[in-house]
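Indexing begins at 1, ligand by ligand and atom by atom, following the structure's order.
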Amino acid sequence: MKRNTVLKLSGVERHYGQGETLLSILRGADFTLNSGEIVALVAPSGTGKSTLLHVAGLLEHPDSGEVAINGHICDNLPDDKRTAIRRSEIGFVYQFHHLLPEFSALENIMMPQMISGLSNKEAKERASQLLDYMRIGHRGAHRPGELSGGEQQRVAIARAVANAPSLLLADEPTGNLDPETASYVFDALEALVRQSGLAALIATHNHELAGRMDRRVTIADGKIVDF
Ligand code: ADP
Ligand code: MG
C-alpha cells in the first residue's frame with residue numbers, strides 16, 4: 001500500500017490562560033503520521049493529549065505553528081472549509097461514545113453519511129457493512145442504551161469512519177472499558193485501520209494496547225517524542 005503523510009504538525013504551540021497564569025501545553029510540537037499507521041499517544045493526565053488531538057482534528061487552532069492534513073495547511077482556512085475537511089477527512093472517537101440515544105446503532109452510523117449527502121440506501125448499506133466489520137451486525141436495531149460499553153464503543157468507531165476519513169483520532173477510546181473488552185474493541189479498530197489504510201492516533205493509558213501499535217509517542221516539555 002502506498003504510504004502518504006496524512007497528518008503533519010510543525011512547531012505547534014498551544015497556551016491557555018493569560019499573563020502570570022499562562023499554561024504552555026504544546027511548545028513546538030512536531031509530528032508526522034502516515035496512512036496505514038497506528039500510533040499510540042501515551043502521556044500522564046493533564047499533559048495535553050486531548051489538546052493535541054483537538055488541534056490535529058481542527059477543533060482548536062494552534063497559537064502558532066502549522067497543521068497540515070493530506071498536505072494542505074489548514075490554519076488560515078475559513079471555518080467552513082475547516083469544518084468541511086473535518087467532516088470528510090477526520091473521524092473522532094471519545095472515551096464516552098456520544099452516540100445519539102434516540103437512534104439505533106445503524107442510524108447513528110448512517111447519520112454522518114446522510115449529512116454528507118449520501119442516499120438513505122447507500123448510508124444504510126455502508127452502516128451495515130461497518131457493523132458487520134465491527135462484529136456487531138446483529139445489534140444494528142438496538143439503541144445505545146441497550147448495548148454494552150464495548151458494543152457502544154464499536155458503534156462509535158464505526159460512526160467515526162462512516163465517511164471513509166483518512167485520519168482517525170481517538171481520545172482514550174477504551175478508557176472506560178475493562179481490559180478484556182478494551183482488547184476486543186482494539187482488535188476491531190485495528191482490523192478496520194489495516195483494511196482501510198487510514199492513519200490513526202490513539203491516546204491511551206493502556207500499555208498493553210500501546211504495545212500493539214506501530215509506534216508510541218509521548219508529550220515531554222510540550223513536544224512530541226518517541227519512546
Ligand atoms: P490530557 O488530555 O493529557 O489529560 P488536556 O489536553 O486535556 O490533557 O489538558 C492539558 C492541560 O491544559 C491541563 O492542565 C488542562 O487543565 C489545561 N486545559 C485544557 N483545556 C483548557 C482550556 N480550554 N482552558 C484552560 N486550560 C485548559
Ligand atoms: Mg484528555
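- For ligand 1, the atoms sitting less than 4.0 Å from at least one non-hydrogen atom of S45 are 4 (O), numbered in the order shown with element in parentheses.
- Within a 4.0 Å radius of atom 15 (C) of ligand 1, the protein contributes no non-hydrogen atoms.
- Atom numbering of ligand 1 starts at 1 in the shown order; those under 4.0 Å from a heavy atom of T51 are 5 (P), 6 (O), 9 (O).
- Distance alone, capped at 3.5 Å, places no donor-acceptor pair between the E125 side chain and the E122 backbone.
- Between the side chains of R212 and S183, at least one donor N or O sits under 3.5 Å from an acceptor N or O.
- Here's the thing with G48: one of its N/O atoms is less than 3.5 angstrom from an N/O atom of ligand 1.
- Which of K49, Q95, H15 comes nearest to atom 3 (O) of ligand 1 through a heavy atom is settled by distance: it is K49.
- Residue side and main chain included, S50 places an N/O/S atom under 2.8 Å of the Mg ion (ligand 2).
- Judged by the 6.0 Å and 45° rule, R86 forms no cation-pi pair with F92.
- Taken to the nearest 0.5 Å, the CZ atom of R126 stands 11.0 Å off from the OH atom of Y133.
- Electrostatic pairing of D171 and K49 does not count as a salt bridge here, judged by no charged N lying under 4.0 Å from a carboxylate O.
- Within the 4.0 Å heavy-atom shell around ligand 1 one finds G46.
- Only the backbone of P44 comes within 4.0 Å of ligand 1, counting heavy atoms alone; no side-chain atom from C-beta on gets that close.
- If you check which protein heavy atom lies closest to atom 24 (N) of ligand 1, you get Y16 CD2, 3.5 Å.
- Heavy atoms of A43 come nearer than 4.0 angstrom to ligand 1 in no pair at all.
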Report task. Start with the C-alpha distance between L147 and R154, add both sets of side-chain angles, then the distance that settles side-chain contact (heavy atoms from CB on, under 4.5 Å), and finish with yes or no. Result -> CA-CA 10 Å; L147 303 176; R154 282 184 278 158; over 6 Å; no
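- Looking only at atom types and distance, the side chain of E89 has a donor-acceptor partner in the side chain of N70 under 3.5 Å away.
- In this structure, atom 11 (C) of ligand 1 lies nearest to the protein heavy atom I25 CD1, 3.3 Å.
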